[in-house]
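What follows is a single structure, written as structure tokens, with notes after it.
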Amino acid sequence: MSCKQQLVILGATGSIGTSTLDVIARNPSQFEVFALTAGENAKSMAQLCLEHHPVFAVMASDNAAEQLKQHLSGTACKTIIRSGTESMSELAAHPSVDAVMSAIVGAAGLIPTLSAVEAGKKVLLANKESLVMSGQLFIDKVKQHKATLLPIDSEHNAIFQCLPGALQGSKTNAKLAEHGVSKILLTGSGGPFLTRDINTLSTVTVAEAVAHPNWSMGQKISVDSATMMNKGLEFIEAKWLFNCVANDIEVVIHPQSIIHSMVQYQDGSVLAQMGNPDMRTPIAHALAYPQRIDAGVKPLDFSDISDFTFTKPDFARYPNLKLAITACEAGQGATTTVNAANEVAVAAFLKGKIKFTDIYRVNAQTLDATADVNVHTLDEILACDKLAREQAVQQIRKVQC
Ligand code: NAD
Ligand code: MG
């Protein structure tokens, strides 16, 4: 039996997936890739299989799995190829597996991530949408199955690092105030449109929206960063990860993305986690926790930093952030709805079907149009998600008129 950590990477071909594989490749004595999964990009997956030799590779569809087989035919690659969410879930729960990187984008990540949680794995959570969508249910399952939940989102990973040990992880019901914490300061860069004339936001192009000034990321999260819905989803994510309420969290704009978030204590201390904006830092932190390993990240040189600034977010510029905070206060039905509507609206924007500013209109109108339903069980969550997607499609038709 190998003593290396056996890993499953859900969403291996994406930005987080490939950064994870980079960190693993730098630390071959500690980690081994058991399975890789991806959506449709068979060509990228073939490359990853040849480089990392997973035992299994899973594509979302039969068609993509077939393409992967063709790409690998005639090579020495022995990877077993499968398809579908069920296979992803099965491998995420496989007895040989120690840790699962949850890096599928959007609601599609929920079922395989829950499968890893239910199998009591160490779950490295990048897929914030799954937690936003299912909040209490997700955290209850983490506790019930004694899974270890480690945040990959750079802000949440920073907060985790700045919290006292008793509050790290989601296994306890400890409250922030009981351990001297007064506030979580969630930082965000403000994205590419921090200083753009607000009256021109309706003409933003897809290329402008995905061009984040500091971070290189997948398309959906890049658009979410431009609208600051990303910070809104992270606000909800923080509520669940750190067992707190909306009032405990404050969003701070920090355009340089050097501080990745902070924790303020009752005695006036503020602890910040800093570093160059490179996702390999939180990935390496979570992979090796509680040890530290090489992540390949350029060390921070303070003499290179000319500005270090902080402001409050302007909700007129970022109405999606306000909407998500309101949903967070309202409860699970609202957060599941906003998450689903936003996924549909961002996809429509990326396809050129709606304007950048319509993303907010679709999200807000979907939330307005959806009755406040009870959302507790997985079936209720999935039904709420489906209803919100249908509503969002109708709202898109309206804003197109
Ligand atoms: P990405 O678009 O680069 O990659 C997404 C991955 O998910 C790809 O491997 C894709 O093939 C797979 N995928 C897409 N649809 C799928 C489906 N229906 N079924 C199965 N697999 C599917 O995205 P990313 O930027 O790597 O982000 C992944 C997750 O991590 C998101 O939830 C995002 O919010 C979160 N995150 C990303 C960053 C970042 O820097 N990129 C930072 C923090 C959090
Ligand atoms: Mg983040």
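When a residue number appears, it is its place in the shown sequence, counting from 1. Both counts, for ligands and for their atoms, begin at 1 and track the order of listing.
Polar contact with ligand 1: present for I16 (N/O pair, distance under 3.5 Å). Not one N or O of A60 is nearer than 3.5 Å to an N or O of ligand 1, by distance alone. Annotation: G39 places an N or O atom under 3.5 Å from an N or O atom of ligand 1; distance criterion only. For ligand 1, the polar-atom distance check against A108 finds no nitrogen or oxygen pair separated by under 3.5 Å. For ligand 1, one of its N or O atoms has an N or O atom of S15 under 3.5 Å away. Polar contact with ligand 1: absent for Q219 (N/O pair, distance under 3.5 Å). Checked against a 3.5 angstrom limit, the closest N/O atoms of E40 and ligand 1 fall outside it.
For atom 35 (C) of ligand 1, the nearest non-hydrogen atom of the protein is A126 O, 3.1 Å. Nearest protein heavy-atom neighbour of atom 43 (C) of ligand 1: D153 OD1, 3.0 Å. Of the protein's heavy atoms, I104 O, 3.7 Å lies nearest to atom 29 (C) of ligand 1. K128 CE, 3.2 Å is the protein heavy atom nearest to atom 34 (O) of ligand 1. Protein heavy atom closest to atom 5 (C) of ligand 1, with residue, atom name and distance, is V105 CG1, 3.7 Å. Annotation: atom 31 (C) of ligand 1 to nearest protein heavy atom, E129 OE1, 3.8 Å.
With a heavy-atom cut-off of 4.0 Å, S154 does not touch ligand 1 at all. The side chain of M279, and not its backbone, has at least one atom closer than 4.0 Å to an atom of ligand 1 (non-hydrogen atoms only; side chain from C-beta on).
For the residue pair P277 and I258, the shortest heavy atom distance occurs at CD-CD1, 4.4 Å.
Taking the centre and axis of the six-membered ring of F31, the NZ or CZ atom of K4 falls outside the cone set by 45° and 6.0 Å.
Near I221, the atoms of ligand 1 lying under 4.0 angstrom from a non-hydrogen atom of the residue are 25 (O), 33 (C), 34 (O), 36 (N), 37 (C), 38 (C), 42 (C), 43 (C), 44 (C). For ligand 1, the atoms lying closer than 4.0 Å to a non-hydrogen atom of M88 are 20 (C). Atoms of ligand 1 lying under 4.0 Å from any heavy atom of A12, numbered from 1 in the order shown and given with element: 9 (O).
For an aromatic pair to be called close, the ring centres must be under 6.0 Å apart, and H156 with F160 fails this.
Between V33 and L7, every side-chain heavy-atom pair lies at or beyond the 4.5 Å cut-off. Using a 4.5 Å heavy-atom cutoff, the side chains of V344 and V362 are not in contact.
With waters neither drawn nor counted, the protein N/O/S atoms under 2.8 Å from the Mg ion (ligand 2) amount to 3.
T200 and R196 share a donor-acceptor pair across their side chains, judged by distance under 3.5 Å alone. Residues T309 and Q256 have side chains that bring a donor and an acceptor to within less than 3.5 angstrom of each other. For the 3.5 Å distance criterion, the side chains of S269 and D267 qualify, holding a donor opposite an acceptor.
Ring geometry for Y289 against H285 counts as tilted: the plane angle lies between 30° and 60°, on a 0 to 90° scale.
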Could you give me the CA-CA distance, side-chain angles and deciding distance for S61 and E40, then say whether side-chain hydrogen bond (donor to acceptor under 3.5 Å, both in side chains) is met?
CA-CA 7 Å; S61 67; E40 299 298 325; 3.0 Å; yes

Worked verdict on N41 versus T13 for side-chain hydrogen bond (donor to acceptor under 3.5 Å, both in side chains):
CA-CA 7 Å; N41 194 341; T13 56; 5.3 Å; no

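With N339 contributing its side chain and V132 its backbone, the two residues share no donor-acceptor pair below 3.5 Å.
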